[in-house]
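Scope of the values below: all heavy atoms of this structure, side chains included, with no hydrogens, waters or symmetry mates. Position 1 is the first residue of the sequence, and the numbers go up from there. For ligands, and for the atoms within them, numbers begin at 1 and follow the listed sequence.
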Amino acid sequence: MKVVIASDHGGMNIRKEIISLMAELNIEYVDLGCECNTPVDYPDYAIPVAEKVASGEVDRGILICGTGIGMSIAANKVKGVRCALIHDTFSAKATREHNNTNILAMGERIIGSGLARDIAKIWLTTPFEGGRHENRVNKITAYEVTFE
Ligand code: RB5
């Protein structure tokens, strides 16, 4: 599995934590920054990550900003992306099993590095359940393709 990760200035600490987790788990990753001392605009990071996932260049994406909200809104504008904003481990597992999410968003002003690490580990290692959930996810994709 190959993962692309990015954050704005509000998510740099958690991004570093998740990068070290992926190194430990032997997960290949691409880090798109930011390496910023001054504020940046989260769509400039969310959209390139989302496009890499939607195009199939990478399998999954992880986005961190202050709240995770801006990143998740921007990522979900890209067709083919299913981005979930997650701040608890139950949802991390459920969103992989039920929604087959391909991008995880988190907010560094909401949770600490330890919880973010646990969430990311669960999200990265939990498979999609398929079955009845596949039909539901397919309905989202079917809706998306009506907007060319
Ligand atoms: C930046 O101040 C902040 O707005 C951003 O990190 C994020 O929380 C947006 O949703």
Margin query: Once you restrict to heavy atoms under 4.0 Å, what part of D8 touches ligand 1? Side chain, backbone, both or neither.
Written below: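 Within the 4.0 Å criterion, D8 contacts ligand 1 through side-chain atoms alone.
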Next item on the list: If the plane angle is over 60° it's perpendicular, under 30° parallel, otherwise tilted; pick one for H98 and H133.
Entry: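 Parallel: the ring planes of H98 and H133 meet at under 30°.
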Next item on the list: May I ask you to check whether G68 has an N/O atom sitting below 3.5 Å from an N/O atom of ligand 1?
Entry: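 Min N/O separation from ligand 1 is not below 3.5 Å for G68.
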Margin query: Is there a polar contact between ligand 1 and Y42, counting only N or O atoms under 3.5 Å apart?
Written below: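 No, no N or O pair falls under 3.5 Å.
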Next item on the list: In plain terms, say whether E57 and K52 are close enough for a salt bridge, that is, a side-chain N and a carboxylate O under 4.0 Å apart.
Entry: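 A salt bridge is present here (some side-chain N lies under 4.0 Å from a carboxylate O).
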Notebook entry, point to check: Does the pair K139/E134 count as a salt bridge with the N-to-O cut at 4.0 Å?
Noted result: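 No salt bridge links K139 with E134.
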What residue and heavy atom of the protein are closest to [atom], and at what distance?
atom	answer
atom 1 (C) of ligand 1	H9 NE2, 3.6 Å
atom 10 (O) of ligand 1	G70 N, 2.8 Å
atom 7 (C) of ligand 1	C65 SG, 3.3 Å
atom 2 (O) of ligand 1	R109 NH1, 3.4 Å

Checklist line | Same cluster (ILVMFWY, side-chain, under 4.5 Å), V58 and L104 | finding: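 No, V58 does not connect to L104 through the hydrophobic network.
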Checklist line | L25 reachable from M1 in the ILVMFWY side-chain graph, under 4.5 Å edges | finding: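 Yes, because M1 and L25 connect within a single hydrophobic cluster, where side-chain heavy atoms sit under 4.5 Å apart.
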Notebook entry, point to check: By number and element, which atoms of ligand 1 are closer than 4.0 Å to a non-hydrogen atom of G66?
Noted result: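 Per the distance check, 5 (C), 6 (O), 7 (C), 8 (O).
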Checklist line | Ligand-residue contact atoms, ligand 1 with T67, heavy atoms, under 4.0 Å | finding: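 Here the atoms of ligand 1 in question are 7 (C), 8 (O), 9 (C), 10 (O).
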Note to self: Closer than 4.0 Å and a protein heavy atom, does any atom meet both conditions relative to atom 4 (O) of ligand 1?
What the structure shows: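 It does not: no protein heavy atom is found less than 4.0 Å away from atom 4 (O) of ligand 1.
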Check: How about T141 and N138: does a side-chain donor come under 3.5 Å of a side-chain acceptor?
Finding: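 There is no such pair (donor and acceptor under 3.5 Å, judged by atom type) between the side chains of T141 and N138.
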Notebook entry, point to check: Between T126 and R96, do the side chains contain an N or O donor and an N or O acceptor separated by less than 3.5 Å?
Noted result: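 No.
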